[in-house]
There are 2 protein chains.
Amino acid sequence: MIKNDLANLLERKANFSRAKAALTVETILETMKKALLAGEKIEIRGFGSFRVMPKKTGFGRDIRRNRQIPISGGRRVKFRPGQDFKKQLKQQSIE
Amino acid sequence: MIKNDLANLLERKANFSRAKAALTVETILETMKKALLAGEKIEIRGFGSFRVMPKKTGFGRDIRRNRQIPISGGRRVKFRPGQDFKKQLKQQSIE
DNA sequence: CCGTTGATGATCAAGAACGACCTGGCCAAC
DNA sequence: GTTGGCCAGGTCGTTCTTGATCATCAACGG
C-alpha cells in the first residue's frame, strides 16, 4: 500500500477530488510526523500508538570496516498496534 | 496527540466539517490497519513504512507467576520512520 | 500512463534493548 | 463524567540497532 492507495480510497469512500484526497493524506501524515518530532506521543484507540523514546542503544557495527559504530543518541519512534489490532494479528497467520 | 487533534487539523486546514474530518481520519487509519492485517506493507515516502513480520519470539516471562509464557506465534507490525524523519529525530534532542 | 529520480530494503555482526503477561492507574473516546 | 483501552514493571530470549551498497519501487513529471 502506498500513498496513492490511501488517496484513491478517499476518492471513493469520501468522494474527494484526487488533489484533495492526496492533500488530506499528506496533511495527516505530516502532522503526525511533526507531533512526533515535537516529542509528542500519538495515541489512537483502535489503531495503535506512536511514542518517541530516547535512544538507549549503545553500539552498532559496520561490517565492511569491521568496526563498532557509536550510536550518537537521538530518539526513536515506536509504534504499538492497539489491542484489537494485535489480537487480529495473532489470529491471522501468514502463508 | 489524539484522534481528535487530527480531526481538528482537517477542520482548520482543509475546512472539513467536524464529522467529515473525523470520518476521514478513521477511514485512513482503518484502511491502513486492514492492509497490514492482510499482510500488506505500507510504504509512504517521506514519512515511514509499516511492515508485517512473522513473530519469531519464543518465550516471554510472567514475573508474578515466575513461569515462562509460550508466545504462540503471530505477527508483529514494525514501523520505520523515513530517512528525513530519522534525520530530524537525531537532530532534535529531548528536554 | 510511462519513464526517471532517488529513497527504501536487505545484509552482515555484535551488543543492548525490547516483548510477552498481569495489575493498577491514567487518560482517550463517547 | 464514565468506560475501558493503554502504559509501566520484571525476566529471559529474541530482535533491533548501526552503516554502506545495489536493486527495487514509490513519487512525480511529461
Side-chain angles (χ1 to χ4, degrees), chain A residues 1-8 18-19 21-23 25-26 29-30 33 35 40-90, chain B residues 1-8 18-19 21-23 25-26 29-30 33 35 40-90:
Chain A
M1 164 169 288
I2 58 184
K3 191 191 292 182
N4 210 27
D5 292 319
L6 289 174
N8 284 333
R18 184 172 196 77
L23 182 62
V25 173
E26 289 188 41
L29 294 176
E30 270 303 305
K33 185 167 74 170
E40 202 177 346
K41 72 182 172 192
I42 300 179
E43 210 168 309
I44 309 293
R45 243 209 215 186
F47 180 67
S49 61
F50 295 86
R51 289 163 51 202
V52 182
M53 307 179 68
K55 185 168 299 183
K56 304 166 196 167
T57 314
F59 290 88
R61 185 178 179 84
D62 182 354
I63 298 304
R64 293 179 162 281
R65 298 191 175 273
N66 194 38
R67 56 170 177 149
Q68 291 185 323
I69 298 165
I71 302 177
S72 315
R75 297 174 293 175
R76 44 197 304 277
V77 176
K78 183 164 179 271
F79 170 70
R80 285 185 66 176
Q83 186 182 40
D84 178 57
F85 199 163
K86 268 193 292 189
K87 190 172 64 179
Q88 292 183 57
L89 282 172
K90 283 186 182 176
Chain B
M1 163 169 289
I2 58 185
K3 191 190 293 182
N4 210 26
D5 292 319
L6 289 173
N8 285 332
R18 184 172 196 77
L23 182 62
V25 173
E26 290 188 40
L29 294 177
E30 269 303 305
K33 185 166 75 170
E40 201 177 346
K41 71 182 172 190
I42 300 179
E43 211 167 310
I44 308 293
R45 244 208 215 188
F47 180 69
S49 62
F50 296 86
R51 289 161 52 200
V52 183
M53 306 178 68
K55 184 171 300 184
K56 304 165 196 167
T57 313
F59 290 87
R61 187 178 180 82
D62 182 356
I63 298 303
R64 294 179 166 281
R65 297 190 175 273
N66 194 37
R67 58 172 174 144
Q68 292 184 323
I69 298 166
I71 300 177
S72 314
R75 297 175 293 176
R76 32 205 310 276
V77 176
K78 183 164 178 272
F79 170 71
R80 286 183 64 176
Q83 186 181 41
D84 178 58
F85 199 162
K86 268 193 292 189
K87 191 172 64 180
Q88 292 183 57
L89 282 171
K90 283 186 183 176

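In what follows, chains are A, B, ... by sequence order, proteins preceding strands, each numbered from 1. Bear in mind the structure is a predicted one, so any value in this text is a computation, not a measurement.
Lys41(A) is linked by a salt bridge (charged side-chain N to carboxylate O under 4.0 Å, His left out) to Glu43(A), counting only residues two or more places apart in sequence or in another chain. Taking the side chain to side chain donor-acceptor pair (under 3.5 Å) definition, one finds that Asn4(A) meets it with Arg18(A), sequence neighbours left out. In terms of the side chain to side chain donor-acceptor pair (under 3.5 Å) criterion, residue partners of Glu30(A) (sequence neighbours excluded) are, by chain and number, Lys33(A). Partners of Glu40(B) by side-chain contact (heavy atoms from CB on, under 4.5 Å), not counting sequence neighbours, listed by chain and number: Met1(A), Ala35(B).
Taking atom CG of Leu89(B) as the reference point, atom C1' of dT17(D) lies 14 Å away to the nearest angstrom. The interatomic distance linking Lys78(B) (NZ) with dC18(C) (P) rounds to 14 Å, in whole Å. Taking atom CZ on Arg76(B) and atom P on dT14(D), their separation rounds to 13 Å, with Å as the unit. Rounded to a whole Å, the CD1 atom of Ile42(A) is 18 Å from the P atom of dC27(C). If you take NZ of Lys86(A) and C1' of dC21(C), they are 10 Å apart, rounded to a whole angstrom. Following rounding to the nearest Å, Phe85(A) (CZ) and dG19(C) (C1') show an atom-to-atom distance of 17 Å. Residue Asp5(B) contributes atom CG, which lies 15 Å from atom P of dC27(C) at whole-angstrom precision. Nucleotide dG19(C) holds its P atom 8 Å from the CE atom of Met53(A), rounded to whole Å.
Pairing each heavy atom of Ile44(A) with each of Ile2(B), the nearest pair is CD1-C, 3.7 Å. In plain terms, the two heavy atoms of Val25(A) and Ala7(A) that are nearest each other are CG2-N, 4.0 Å.
Note that the CD1 atom of Ile42(A) and the CG atom of Asp5(B) stand 9.5 Å from one another [nearest 0.5 Å]. How far CZ of Arg75(B) is from CD of Gln88(A): 9.5 Å, rounded to the nearest 0.5 Å.
For the helix from dC1(C)-dG30(D) to dC30(C)-dG1(D), the angle separating the two terminal helix axes comes to 160°, with each axis derived from five pairs and the value rounded to 10°.
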Do any N or O atoms of the protein come closer than 3.5 Å to N or O atoms of nucleotides 28-30 of chain D, and which pairs are they?
none

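Note on ring orientation: taking the six-membered ring where Trp is involved, the planes of Phe79(B) and Phe50(A) are perpendicular (angle over 60°, cut-offs 30° and 60°).
Nearest-nucleotide mapping onto DNA chain C: of Phe79(A) and Asn4(B), the residue sitting toward the 5' end is Phe79(A).
Taking the side chain as every heavy atom from C-beta outward, Lys3(B) and Arg45(A) never approach each other to under 4.5 Å.
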Notebook entry, point to check: How does each nucleotide of nucleotides 1-7 of chain D score, in 5' to 3' order, for protein heavy atoms under 4.0 Å: base (B), sugar-phosphate only (S), or none (-)?
Noted result: ---BSSS

